[in-house]
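Right, one structure below, let's go through it.
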Amino acid sequence: MISHRLQFSVPPGFSFWRTVYSHGWCALPPFSIQKESGTFSRILSLEDEVPAECIMRDAGNKIIVLARSQFPLTGDQKARIKHQLKACLRLDEEMSEFYAEAQRSPRFRWIPKAGAGRMLRAPTVFEDVVKMICTTNCSWSLTEVMVQNLTTQLGKGFEDGKYSFPTPDAIAGKSDAFLRKNIRSGYRSPYLLELAENVASGRLDLESWRSSPDATTDLFKTVKSVKGMGDYAAGNILKLLGRYDYLGLDSWVRSRFYHLHTNGRKVRDTTIEKHYAPLGKFRGLFFWLEMTRHWYQRKFPF
DNA sequence: GCGTCCAGGTCTACC
DNA sequence: GGTAGACCTGGACGC
C-alpha cells in the first residue's frame, strides 16, 4: 500500500468536526470515524473503480489527508481526491448569508460561533439518495445494516474489511430477491433497483441536481418523482443540495421538537412548519441545527 | 426459542 | 386533496 500526504485549506470559521457530525452520514460506510486517533476516513472510488482510503485530520486552517492506494497516485488522481473530499465537507458552499441571518437572532447566534451549518454529504448524489431511501421507515440500526451490506457485497474491496460505495451498475446488476435477502432492504429493494437502473442507463442524471437552476419547489417535485422518496426523504436530500426550504420531518425530529417547544405535547406537522416559516429559505437548516444543538456540546456526540 | 405486536415513511387505491 | 391499508424489518415483550 502506498501513502500520499495531501492537504487543502478551509474557509475561516470552518469547523471540521461540526461538519463531520452534522448528521448520521459520518457513521455510515464508506465513511468512518476513528475516535482514538481523531481522524475521519472515507473510501473513495477512483477511475475504473479502484478504491483509495483517505484519512482526514483537522489542522486548524487546513485539512491534512493521508491517501492510501495500491498504486502510486497521479497528479490528476490527487486533484480528484481533494475535489471529492471538499464536496463532502461542503467547502464549496458560501455560508455568509446564512450566518448573517443567524446573527440577527440571539436564538441562533451560537451557529456561526460553532462553525455549524455545513451538512456532510457523499461524493455523489446517487449515494446520498440510496442512503436516504435506506433511512425510511426503519430504525437507524437497520439503516446501518442495509448500508453496510451494500458496501461489503456490492462495493470494491480495499483492505481490512473496508469497501467503496457501490456504483449504480453494481446495484442494477442484482435482482430484487438478492437485495431483499442479502442487503435486507425489504420492500425498498424495487425502489433501489429502479433508481440504480435509471442512473446506470443515463435516463436519470442525479448529479445535475447539485447545480440545478430550478426553483426549489420544482427540484423538490423532481426528487419526489424518484420512487421511495417522499416528503421526509426529499426534504433532506434538498439540504444536501444546498436548499433549505423544507424541514424533512421524521419521527425523531418531531419528538425533538415536542421536547424543545411544546413540553412534550404532540402537534400537527403544519404547526411545526408554521413555527419555522418566518425563517425563510434557511428554515430547514435552522430547524435541523436547533434539533441537534445538544450534539454540539461534545466532540464525538455519537 | 417462539409468536405477537409495534414503530418507522412511502405508495397505491379509493373516496 | 385526504385517508386507509399494505409493504418489511428488527426490537420489545410475553409465554
Side-chain angles (χ1 to χ4, degrees), chain A residues 23-25 27-29 119 121-122 125-154 166 168 171-172 174-199 203-204 206 209 216-241 243-260 262 264-277 283-284 287-288 291-292 295 302:
Chain A
H23 63 125
W25 262 207
L28 296 177
M119 296 189 70
R121 67 184 177 189
V125 178
F126 174 71
E127 181 180 326
D128 281 331
V129 171
V130 168
K131 284 178 169 173
M132 199 62 76
I133 289 174
C134 291
T135 68
T136 57
N137 201 27
C138 65
S139 61
W140 180 252
S141 60
L142 181 55
T143 297
E144 290 179 311
V145 167
M146 287 186 263
V147 175
Q148 181 75 33
N149 288 337
L150 280 168
T151 55
T152 57
Q153 300 194 40
L154 299 176
I171 297 176
K174 293 296 172 186
S175 66
D176 180 87
F178 176 90
L179 294 186
R180 287 174 189 266
K181 184 169 182 284
N182 297 70
I183 308 300
R184 311 298 297 163
S185 45
Y187 71 92
R188 301 165 197 80
S189 303
Y191 304 154
L192 295 176
L193 271 182
E194 185 179 314
L195 171 71
E197 285 165 0
N198 284 336
V199 173
R203 287 191 295 271
L204 180 60
L206 294 182
W209 289 358
T216 305
T217 47
D218 292 334
L219 192 54
F220 184 69
K221 285 179 196 160
T222 302
V223 175
K224 277 190 69 175
S225 71
V226 172
K227 280 268 184 67
M229 301 289 288
D231 286 349
Y232 148 80
N236 283 303
I237 279 296
L238 282 186
K239 291 175 191 165
L240 303 184
L241 299 173
R243 316 276 192 121
Y244 305 105
D245 306 57
Y246 293 86
L247 303 188
L249 298 173
D250 67 3
S251 58
W252 186 81
V253 285
R254 285 191 190 97
S255 68
R256 286 291 302 159
F257 180 86
Y258 305 150
H259 173 71
L260 293 171
T262 63
R265 184 175 54 88
K266 287 187 179 180
V267 294
R268 293 171 189 271
D269 287 353
T270 49
T271 304
I272 303 177
E273 282 157 9
K274 277 180 193 165
H275 184 95
Y276 290 93
R283 59 188 178 276
F287 168 66
W288 177 251
M291 297 305 103
T292 58
W295 290 356
F302 52 83

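In this text the structure is predicted, and so the values were computed from the model without any measurement. Reminder, nothing fancy here: chain letters follow the sequence lines and each chain counts from 1. The figures here come from the full heavy-atom set of this structure, side chains too, leaving out hydrogens, waters and symmetry mates.
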For [N] and [X] - does any side-chain N or O of the residue sit under 4.0 Å from the phosphate oxygens OP1/OP2?
X      : N      : result
A:R184 : C:dG10 : yes
A:R180 : C:dC8  : yes
A:K224 : B:dT10 : no
A:S251 : B:dA7  : no

Judged by nearest nucleotide, the residue sitting upstream toward the 5' end of DNA chain C, A:Y191 or A:S139, is A:Y191
Mind listing the closest non-hydrogen atom pair of A:D176 and A:S189 along with its distance?
OD1-CB, 3.6 Å
What closest approach, in Å, do A:K239 and A:Y244 show between heavy atoms, and which atom pair accounts for it?
O-CE2, 3.4 Å
Output the rounded distance in Å from [atom1] ([X]) to [atom2] ([N]).
X      : N      : atom1 : atom2 : result
A:M132 : B:dT10 : CE    : P     : 10 Å
A:W140 : C:dG11 : CH2   : P     : 15 Å
A:R254 : B:dG8  : CZ    : C1'   : 10 Å
A:Y232 : B:dG8  : OH    : C1'   : 10 Å
A:K266 : B:dG8  : NZ    : C1'   : 12 Å
A:L192 : B:dT10 : CG    : P     : 14 Å
A:I183 : C:dC8  : CD1   : C1'   : 15 Å
A:F220 : B:dT10 : CZ    : C1'   : 12 Å

Angle class for the A:Y246/A:F220 ring planes (parallel below 30°, perpendicular above 60°, tilted otherwise)?
parallel
As a test of reading the structure: which of [options] is closest to the side chain of [X], going by heavy atoms?
X      : options               : answer
A:A233 : B:dG8, C:dG10, B:dT10 : B:dT10
A:Y187 : C:dG10, C:dC7, B:dT12 : C:dC7
A:T136 : B:dT10, C:dT9, C:dG11 : B:dT10
A:N137 : B:dG8, C:dG10, B:dC11 : B:dG8
A:D250 : C:dC8, C:dG10, B:dG9  : B:dG9

Taking it one step at a time, do A:L238 and A:D245 satisfy side-chain contact (heavy atoms from CB on, under 4.5 Å)?
CA-CA 8 Å; A:L238 282 186; A:D245 306 57; over 6 Å; no
Comparing A:K227 and A:W252 on DNA chain B - which has the more 5′ nearest nucleotide:
A:W252
How do A:C138 and A:V226 order along DNA chain B: which one's closest nucleotide is nearer the 5' end?
A:C138
Any side-chain heavy atom of A:I272 within less than 4.5 Å of one from A:L247?
yes
